[in-house]
Structure formats: C-alpha cells, structure tokens
Amino acid sequence: MILERSAPLFAPRLAYSAMADHQNGNAVHLTDKFGRRITDLRLSITDRCNYRCVYCRSGEEDAQFSELPMGDYVRLVRVFVSLGIEKVRITGGEPLLRSELLPLVEDLAAMTTHSGKPLDVAITTNGHLLAKLAEPLKQAGLSRVTISMDAVDREKFARITRVGNGYDAVVAGIRAAKRAGLDPVKVNAVILRGFNEDQIVPFARFSRDEGVIVRFIEFMPLEEERIWGPDVVVGFPEMLAILNGYRPLAPLPATSPGETAMRYAFDDGLGEVGIIAPVSRAFCGACSRVRLTSDGKIRTCLFSQSDHDLYGVLDRGGTDADLAAFIAKTIETKEARHHIGEAGFVKPSRSMVHIGG
Ligand code: SAM
C-alpha cells in the first residue's frame, strides 16, 4: 500500500500562556504550539476488557489493571473543562465494565463548558453490556455512543474478538442504543486484510438496515501482538472502491473541524458510511484531542513515546491550579503529527487498550 500524507502543514507559533489567563480568571482555551485548539478529551476509565480483539490486545487475560476512583476522574475532567474542553468521550479498556459508570456520566453531563453549553459526553464501547445500560446511560446524560463491531458474520466476529458469545449481545446493544434515543449511534469496524475486508459490503447493508452510521477504520500499529504491517492495512482508496462497487457514494460534509471520518451517503439516501484513515490520510493537522489514561496520565498523541503523570500531581495534594498548570504545560509538548509508515517509526510502548481508544 502506498502511504500518503494529506495533513495540512502549519507554522509553529509562540506558546500560548494559558496559565496566565487561567490565573486571571479569563476563559482559557488550551492551544498547542502549532495553534491547534484542544477541545476534545478521551477519558479512559479502565484498561480491563471483556474482549480480546486481535488488533488490540493479546489473547491472555491481563494479570493487573489500572483504575482510579471515579471521583478523581470527575475532578480531573472539571479542570480540563476549565481549560476549554467541550467534549468528553469515555473509553477504555471496556468502560461498561465499571459499576459506577452511571454516576460518572451524571457528574460529567452536569458540567458547563466555556460556551455555556453542557459538556458533551459520549462513550465508546464494544457494546457487549449495552442492551441493559443504553436507556440508563441516556437518562444519566449521555448524548452519543460509538460501538466497536468488526464483523457482521458471526464466525468472523468470534475469530476477531476471541470470545465465543458476543455477537447477539452487541447487536442487541446497538438496537437498544437506537431505542434509547442516543444520537447518533455509530458502529466502528477496524478492517484487517485476511480477517474482515470482506465485511465492508455487509456492513454497508447493516448501516442501511439498522439505521446506524458505520465507519471503517484503518488498522494502526497499536496492538499488543505484533501483527501490524503495511500489507495488513486495508487503505482508504481500497475501502472506497469496495463501497462504490456496492452502490454509488456521495460525499457528505464534515460535521466539525476536527472530524476524523470522511463521510458518505449512498445514492438513494439510505444509510451512511465513513472511512477513518489515520494511516494513509493522516488528519493530525486538525487534531483537537488529548487523552487521559485510566491511571491518570496525559497522552498528547496516540503515538506519543511518553506519558505525563497528571495523577501524580493530584496524588501529591496538588490544587486545581496546579493540575491546570500541568495540563497547559503538557499540551505545549503535543506532537505535530505521527510517523506511521516512515523509516524510524517507533511503536508506542502502550497498546490501544492501555491508552484508551
Ligand atoms: N472497548 C471499547 C471498544 O471496543 O470500543 C473502547 C476501547 S477500544 C480500545 C476503542 C477503539 O479503538 C475501538 O473502536 C477499537 O476498534 C479501536 N482500536 C483498537 N486497536 C486498534 C488498532 N490497532 N487500530 C485501529 N483501531 C483500534
């Protein structure tokens, strides 16, 4: 596969003094040294998972895991929101495994952003436990849900997730999310050559039959087992050609400046699909994201070589101002872009399940 890069270039700018504004009581917008506004927080609340997807985890049970008390996440998110974060996506590991999820969502959804709007709270889940939780999550203030599902064929689903009994539960979870009024309901499928590239057309039909948005994601080198290689990545042009061969596609406009997916409708208006192409069409130039791992470390990029220990500041008795200063300083170190596919690329030491996808 040919790797191309379409990230816009940007000029470095002087570091924005977020802390001076914060201390003066002015509204602060976290901005990195390339001028990118950071408005989107991915919050991992566990690195445990009940699935063992081949492109993410190893086949072994994890001997240990890292989780903070929910109150610590709430405090840290409040500080992030005071610095201009507008959206929080709860992730993991599998976030639905945490028993105190509903009060967490309630606390987060009660926060107000700089623009005076309620904090937008979304979740990414494998959907296994969603059928019972979709309605209570909606009541708690969750706005949207993304469900990871990598095959509409049962056998393939089991081969990828490495659990025998997930398929029906996940489909039930998707339908419950629709019934509960979570909007939109998106389904994300990571496409790996030799595993599920033949699922692209069945997923397009699934989108049309179930009324959900299906997005196809290029496989990134973030797995525990070493299976990534350029040949295993099914790239954007190939996915687009397969979808167009099924039914003609019409591009849709991005829903936000930081939109990661290229969106398409089918010619008859039924169904919606998207392609997320971090490998062949990196979107780092418009990145608005920062991640907090389940053990309270900031990651400025999925492919960062190091973490920044925000929890350490909290644990040493730091004030909210100390936490805000640490966050603002860390954002200044955000990488310009990732280097997947380039000579000298070094895979991060943490895999997706430990970073929080
Ligand atoms: N357990 C939840 C789930 O399954 O959605 C949340 C965590 S999971 C790590 C978040 C997302 O990361 C999922 O959509 C998953 O498919 C994606 N992911 C994990 N490893 C990946 C990889 N190597 N390349 C691309 N996406 C990956």
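All residue numbers refer to positions in the sequence shown, counting from 1. Each ligand, and each atom within it, is numbered from 1 in the order the structure gives. This one's a predicted model, so the numbers in the text were calculated from it and none came from an experiment.
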| field | Test: R159 and D153 ion pair at under 4.0 Å | value | no
| said: Looking at D209 and R205, is any side-chain nitrogen of the basic one under 4.0 Å from a carboxylate oxygen of the acidic one? | reply: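 Salt bridge flag = no for D209 with R205.
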| said: I need the single residue from D40, T146, D120 that forms a side chain to side chain donor-acceptor pair (under 3.5 Å) with R89. Which is it? | reply: T146
| said: I want to check a possible cation-pi pair here: R208 against F266, using under 6.0 Å from ring centre and within 45° of the ring axis as the test. | reply: yes
| query | Have H128 and N50 got a donor and an acceptor in their side chains that come within less than 3.5 Å? | reply |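 Checked: H128/N50 side chains show no N/O donor-acceptor pair below 3.5 Å.
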| task | Have a look at F216 and tell me which of V187, I200, L240 forms a side chain to side chain contact (heavy atoms under 4.5 Å, CB included) with it. | result | I200
Between ligand 1 and the protein, give all atom pairs where both partners are nitrogen or oxygen and the distance is under 3.5 Å, as lines of names plus distance to 0.1 Å.
| from | atom 1 | to | atom 2 | distance (Å) |
| --- | --- | --- | --- | --- |
| ligand 1 | 1 (N) | G93 | O | 2.9 |
| ligand 1 | 1 (N) | E94 | OE1 | 3.0 |
| ligand 1 | 4 (O) | S148 | OG | 3.3 |
| ligand 1 | 5 (O) | T125 | O | 3.4 |
| ligand 1 | 5 (O) | S148 | OG | 2.5 |
| ligand 1 | 14 (O) | S148 | OG | 2.8 |
| ligand 1 | 16 (O) | Y55 | OH | 3.0 |
| ligand 1 | 23 (N) | Y55 | O | 2.9 |
| ligand 1 | 23 (N) | M220 | O | 2.9 |
| ligand 1 | 24 (N) | M220 | N | 3.0 |

